[in-house]
Amino acid sequence: MIPRGVSVTDFAAKIGKSPTDVIKMLMRLGEMKTITQSLSDDEVEVLAGEFDVPVRIVSVADDLSVAPEDEAPGASEEVEDAALETRPPVVTVMGHVDHGKSSILQQFRKKEMLSLEAGGITQAIGAYQVHGKDGTTTTFIDTPGHEAFTQMRARGAQVTDVAILVVAADDGVQPQTVEALDHAKAAKVPVLVAVNKIDRPEADPTRVRQQLSELGLTPDEWGGDTVFVDVSAKAGTNLDVLLDMVHLVAEMQNLKANPNVPARGHVIEAHLDRGRGPVATLIVQKGTLRPGQAVVCGPAWARVRTMLDENGKQVPKAGPSQPVQVSGWSRLPEAGDEFFAVKDEREAKRIAQERETLQRAADFVAGAKPATLEDLLFKTRTGDVPELRVILKADTQGSLEALTESLTKMHRANLRLNILRRGVGAIGESDVTLAQASDAIVVGFGVRPDAGARQLAEREGVDVRTYQVIYQLLDDISQALRGLLAPEEREFVLGSAQVRATFRIPRAVVAGCYVTEGKIVRGARARLLREGAVVYTGRIDTLKRFKDDVREVAAGFECGMTLDDFNDIKEGDVIEAFEVRELPRD
């Protein structure tokens, strides 16, 4: 595994060659590098092919070489059955927006969750534990349903044991239903279907089964291997059955983990808290995490200061499958990255610093990619290409990632959207200052400008927009982009006339014409065609019917006309009248 942004020296060591051999190969390929310079992904792949070494390029967070000195992640495998203990299943709730995912969880937790969500849709990933009457514990991950949060849904599927696919019985399979199913299949997670809203008059659970069977989920009552449960989150119907089925599916997987090894798991969400600083929601997958321990996640490290459950209560320890909110981070960790516990703070700092150095090198290489022909052509046109510059701030790392992904897709051939800065936390004065200096707008999702930033924006006339619902933000940015475009000019032919005679008068030639189609309009733009070739483009100066000046002449009538500043008119010519209209861009 080769970390992104690897130096020539480190690459040579990983493939068992000397730096001199690597530099010689680069020179043969037309590249000049020193032993300390970083290699791009393309250069790594080409070199690997030349040396016949199979490689896989990984991010800094996935690079296992930058790991504890005494124990790399993955070294503590549970080899003794006696040390393994049954752990609660981690369940991901997936599905289309407004199909009832949060409502089902709300029923499980007996707590108002949906009312806290702006617009009635879940917009940040959350993890919760539900304790059953029979002593069972289930960890739920509630993933957002809006299509912009594709990567957040995929991240949820990475750490889950069972996926509940929620489909509304009155709405059926929708695009995000298919999307969620694809993520679950990619993660090789067993899927259990909850057919929700069966209490509605228009509900049709059979249609849902038919639609999903076409996607490869055949109901068990039809001879397939997928469990379907008809539920109503509103009425609480069959939710106990759904939970029982989750544990039945989980039991078949024989979920076990060793709680006595150093803790490892994944970051589900991360955000900046005004009082506590960087805070991350973790799900422990192996081992036990305790306050005071040192952990590393990508280039971030932490000495666990506080550890809270989903209800905001302090917990003394977190075992396998338990979600906790941890503070004490040196910087905001990336949502989706793996974390692992180390022996002390010194070790955590060492690993984080090494990873940060690698991350900086990777970012430099990514920003210094060789220009392609398309890049060069694009750069030559940038003077004519309108650009919308954006400073983007969000409440959580997951939201920021999803918004960046969606906004990046808005790039078009004839305009650009340039995200100058993005980050997590409140909109500050530095954001407004940058926007003012670069003629940008500030967009906040789930965050507000502080008092100083608000006053500065008002004083400098900087446009600061804040949103609570993602599709409103995307719609506004899309409309702003369309507004940057010059209107499209489109030509519409009004009519044409054939020249049947010409008459000379002082300073002009009058064309006696017969209008063959449409209409000829005085003052309209016109072109004169001779044997199919355009001889003149200009305007119709005068238009007469007999001796009267007229505004227009329709098809089937004769007329006389003169063209503005053009007298070379001959019999048999065709005069075509047209207009150019400005249409808004799509």
Side-chain angles (χ1 to χ4, degrees), residues 59 97 117-119 121-125 143-156 175-176 179 183 269-272 332 334-336 363 366-367 369 374-375 378-379 381-382 385-428 430-449 453 457 462-486 584-586:
S59 67
V97 63
E117 295 287 354
I121 60 173
T122 306
Q123 299 183 100
I125 202 166
T143 58
H146 192 277
E147 65 177 357
F149 289 83
T150 302
Q151 290 195 348
M152 292 174 71
R153 263 204 302 273
R155 186 182 309 128
Q176 288 160 15
E179 197 177 283
H183 289 312
E269 190 52 271
H271 69 278
L272 284 172
L332 201 67
E334 289 285 332
D363 292 343
K369 292 187 289 188
E374 290 80 2
D375 294 333
F378 184 74
K379 287 177 181 177
R381 299 172 185 152
T382 50
V385 174
E387 179 179 79
L388 177 63
R389 300 181 182 94
V390 174
I391 312 294
L392 181 63
K393 300 299 288 287
D395 54 350
T396 66
Q397 191 73 38
S399 299
L400 184 68
E401 179 184 311
L403 282 168
T404 303
E405 173 100 0
S406 297
L407 292 175
T408 302
K409 291 178 181 177
M410 290 186 181
H411 282 286
R412 298 165 60 140
N414 48 2
L415 56 81
R416 290 196 304 168
L417 187 144
N418 186 3
I419 302 176
L420 299 179
R421 175 191 288 172
R422 64 191 192 103
V424 174
I427 298 168
S430 63
D431 299 316
V432 176
T433 303
L434 176 60
Q436 191 267 336
S438 55
D439 195 23
I441 65 171
V442 182
V443 176
F445 178 72
V447 295
R448 303 283 301 175
V462 174
D463 187 6
V464 178
R465 305 183 182 199
T466 57
Y467 302 86
Q468 296 295 320
V469 179
I470 189 169
Y471 54 74
Q472 292 175 355
L473 184 155
L474 298 178
D475 286 347
D476 279 5
I477 296 295
S478 179
Q479 289 174 13
L481 282 172
R482 283 200 295 270
L484 283 177
L485 289 174
R585 300 272 184 174
D586 293 332

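The first residue in the sequence is number 1, and the count goes up from there.
Of the possible donor and acceptor atoms, one in the side chain of Glu269 sits under 3.5 Å from a partner among the backbone N and O of Gly398. Listed for the Asp476 side chain is no donor-acceptor partner under 3.5 Å among the backbone atoms of Leu473.
Legend: residues meeting side chain to side chain donor-acceptor pair (under 3.5 Å) with Arg465, ordered by chain and number and at least two apart, are Asp463. By the side-chain contact (heavy atoms from CB on, under 4.5 Å) test, Leu272 pairs with Pro278, Leu332, Val424, sequence neighbours left out. Scanning for side-chain contact (heavy atoms from CB on, under 4.5 Å) contacts around Val447 gives Lys393, Asp395, Ile427, with sequence neighbours left out. Every residue two or more places apart in sequence or in another chain that forms a side chain to side chain donor-acceptor pair (under 3.5 Å) with Ser430 is listed here: Arg421.
Taking CG from Leu403 and CD1 from Ile470, the interatomic distance works out to 4.0 Å, rounded to the nearest 0.5 Å. Taking CG of Leu420 as the reference point, atom CZ of Arg389 lies at 7.0 Å (rounded to 0.5 Å). Here CD1 of Ile419 is found 8.0 Å from CG of Leu400. Values are rounded to the nearest 0.5 Å.
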*Working for side-chain contact (heavy atoms from CB on, under 4.5 Å), residues Leu474 and Leu407*: CA-CA 7 Å; Leu474 298 178; Leu407 292 175; 4.0 Å; yes

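In this structure, Ala453 and Val432 approach most closely via the heavy-atom pair O-CG2, 3.7 Å. The nearest pair of heavy atoms linking Ala435 to Val442 is CB-CG2, 3.6 Å.
Between Ile477 and Ile441, some side-chain heavy-atom pair lies under the 4.5 Å cut-off.
Among Val390, Ile391, Thr404, the single residue meeting the side chain to side chain contact (heavy atoms under 4.5 Å, CB included) criterion with Arg422 is Thr404.
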